[in-house]
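First comes the structure, then the notes that go with it.
Numbers here simply count residues along the sequence, with the first being 1. In what follows, every heavy atom counts, from backbone to side chain, and hydrogens, waters and symmetry copies are set aside.
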Amino acid sequence: MRSERTRSGSFSSSSSSSSGTPGISNEPPFLSFSVDNIDTVKLLELLGPEKVDSADVKAIKEKLFGYTTFWLTREEPFGDLGEGVLFIGNLRGKREEIFAKLQQQLRELTGDKYNLFMVEEPNSEGEDPRGGPRVSFGLLRREVSEPGPTTLWQYVISLLLFLLTVFSCVELGIASKISSLPPEIVTYFTDPNATGPPPDMQLLLPFVESALPVAYGVLAIQLFHEVGHFLAAFPKKVKLSIPFFIPNFTLGTFGAITQFKSILPDKKTMFDISMAGPLAGAALSFSMFSVGLLLSSNPAGASDLVEVPSKLFQGSLLLGLVSRATLGYRAMHAATVAIHPLVIAGWCGLTTTAFNMLPVGCLDGGRALQGAFGKDALFGFGLTTYSLLGLGVLGGPLSLPWGLYVLICQRTPEKPCLNDVSDVGTWRRAALIVSVFLVVLTLIPLWDELAEDLGVGLVTSF
């Protein structure tokens, strides 16, 4: 039966009256539209995702669930807008075996129309008698639950962002030559009290070629990072979006935003793909950093070194200590330090990798934590991470831009996997804990007292 509504009523025209023909307006033939006549609930239903067919739900309840699989007790809405159905009940066997059986039967019954998710039962009062959390099964239409394809505009935006990232990496390489740059340019960009017209930027052109090694190194690390993701996703048949590189003029880049274009089968897949990129990037970064330090301590290669302020090494507790152990007290306890360009590229790569491994949002670290410990743990770690970034405990002066970047671009957790219940295993969790520990050591700056004791830079105490 169709209900008539006034203020929140149906889509029928307000100009219709009892004397007119139903459905035909007496108004002139131009657009007449009033907010009073919009049924907001109906509008959301029409504009929102397509819901599950009730006939299919009935067939699924009759043919999939039962004594030998899953004893259904009740149903609830499922999905971001309640467009799906959550089946709640009791398992009649091992969860992985039951889930695989239900998925196969669902394909036989409805084809590729739906996706079935195994999730933890909401508001469960206890664990499953067989061990582990109680589970429920969520049903969503495939077109609703699966990510959309990459559009032409996304390809264009990705290309533009990559070009901006190349520019920011070249700018980083030029900045690494600060000791040899024209004084008027250094003063203009570093002295807040500088006055007068801006200097001629063409003075920087001779330094572009010498800046390329650093730019190539930073770009190579980020590309290697993305290759790691794609190599881990390929055998799992998981599709990834094109990377959206985010430029950063301090480190060359924030990294890249790479989206899942497939529904992940389980948490192990989420963990493995998320960790593969940072591990690949960190391996190449540390190799560059280590080789660069060894070349920096070799007098034969002095002509290839660049002078950088020694205070830069106070930006990381871990990397500062490694640099001090390799280069020695005399080299580090000075106003400037002569280092190979590989050190700069490796340092920036390790710092960027550490930031992307923070356990928050949709960063690689957030995805890995969500896969290993669940969304509740991610929420708690996320609040802690935001607090540490806000206080400047992690990342020092880089904490504010990174915190804003995460809030704007990467704050939303990853969507659930098809099997969002099965455990990832002890060694994966242990690997994540070690990784987060190394991330914290990398992003904590050297405080003045320790830097003075170690001779990392010249610290003046007042």
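For Ala331, the side-chain contact (heavy atoms from CB on, under 4.5 Å) partners at least two apart in sequence or on another chain are Leu327.
Using a distance-only test at 3.5 Å, with no hydrogens or angles considered, a donor-acceptor pair links the side chain of Asn248 to the main chain of Leu251. For the pair Gln314 (side chain) and Gly320 (backbone), a donor-acceptor distance under 3.5 Å is absent. Panel note: side chain Ser310, backbone Val337; no donor-acceptor pair is recorded below 3.5 Å. Remark: side-chain polar atoms of Ser168 are paired, donor with acceptor, to backbone N or O of Gly252 under 3.5 angstrom. Between the side chain of Thr253 and the backbone N or O of Ile246 there is at least one donor-acceptor pair closer than 3.5 Å. Listed for the Ser290 side chain is no donor-acceptor partner under 3.5 Å among the backbone atoms of Ser287. At least one donor-acceptor pair under 3.5 Å links the side chain of Ser297 to the backbone N or O of Leu294. Between the Ser399 side chain and the Gly395 main chain, no donor and acceptor come within less than 3.5 Å of each other. The backbone N or O of Ser296 lies less than 3.5 Å from no partner atom in the side chain of His340, so there is not a single donor-acceptor pair. Of the possible polar contacts, none joining the Arg324 side chain to the Val456 backbone as a donor-acceptor pair under 3.5 Å is found.
Within 6.0 Å of atom CZ in Phe373, more than 12 heavy atoms from other residues, nucleotides or ligands are found, so the atom counts as buried in its surroundings. Atom OH of Tyr405 has more than 12 neighbouring heavy atoms from other residues, nucleotides or ligands inside a 6.0 Å radius. The number of heavy-atom neighbours closer than 6.0 Å to CZ of Phe230, taken from other residues, nucleotides and ligands shown, is above 12.
Contact of the Val119 side chain with the Leu86 side chain is registered, since non-hydrogen atoms from C-beta on lie closer than 4.5 Å. Looking at Leu342 and Leu295, their side chains come closer than 4.5 Å, going by heavy atoms from C-beta outward. In this structure, Thr165 and Gln222 have side chains that are not in contact, with every pair of non-hydrogen atoms separated by 4.5 Å or more. Annotation: side chain of Thr351 is not in contact with side chain of Ser316 (no heavy-atom distance under 4.5 Å). Within the 4.5 Å cutoff, side-chain heavy atoms of Met357 are placed close to those of Leu432. Between Leu264 and Leu418 the shortest side-chain heavy-atom distance does not fall below 4.5 Å.
Between Phe99 and Phe137, the two ring planes are parallel [angle under 30°; tilted spans 30° to 60°]. Using bins of under 30°, 30° to 60° and over 60° for the plane-to-plane angle, the ring pair Phe254/Trp402 lands in the perpendicular bin.
The distance from the CZ atom of Phe286 to the CG atom of Leu319 is 8.5 Å, given to the nearest 0.5 Å. Taken from CG in Leu231 to NZ in Lys236, the straight-line distance is 13.5 Å, to the nearest 0.5 Å. How far NE2 of His333 is from CD of Glu452: 5.0 Å, rounded to the nearest 0.5 Å. The CD atom of Glu143 sits 8.5 Å away from atom OH of Tyr114, with the distance rounded to the nearest 0.5 Å. Rounding to the nearest 0.5 angstrom, the gap separating the CZ atom in Phe260 from the SG atom in Cys417 is 8.0 Å. To the nearest 0.5 Å, the span separating CG on Leu443 from CG on Leu358 amounts to 5.5 Å.
A side-chain contact (heavy atoms from CB on, under 4.5 Å) with Lys101 is found for exactly one of Gln105, Gln104, Glu97, Gln103, namely Gln105. Residue Phe162 forms a ring pair (Phe, Tyr, Trp, His ring centres under 6.0 Å) with just one option from Phe245, Phe244, Phe167, and that option is Phe245.
For the residue pair Thr442 and Ala354, the shortest heavy atom distance occurs at CG2-CB, 3.9 Å. Minimum interatomic distance between Lys51 and Arg141 (heavy atoms only, all atoms of both residues): O-NE, 2.7 Å. Pairing each heavy atom of Leu389 with each of Phe355, the nearest pair is CD2-CE2, 4.2 Å. Between Lys239 and Ser262, the shortest heavy-atom distance links the atoms N-OG, 2.9 Å. Contact record, Val57 with Val52: CG2-CG1, 3.3 Å, taken as the closest heavy-atom pair. A pairwise comparison of heavy atoms in Lys267 and Gly371 identifies CD-O, 3.3 Å as the closest pair.
Aromatic rings of Phe65 and Phe87 (six-membered ring for Trp) have centroids within the 6.0 Å cut-off, being under it.
At a cut-off of 3.5 Å, with distance as the only test, no side-chain donor of His225 or Asn356 sits close to an acceptor on the other residue. A side-chain N or O of Glu96 and one of Ser422 form a donor-acceptor pair less than 3.5 Å apart.
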For this session: Start with the C-alpha gap between Thr269 and Asp272, add the side-chain angles, then the distance that decides, and say whether side-chain hydrogen bond (donor to acceptor under 3.5 Å, both in side chains) holds.
Result: CA-CA 5 Å; Thr269 302; Asp272 292 345; 6.0 Å; no

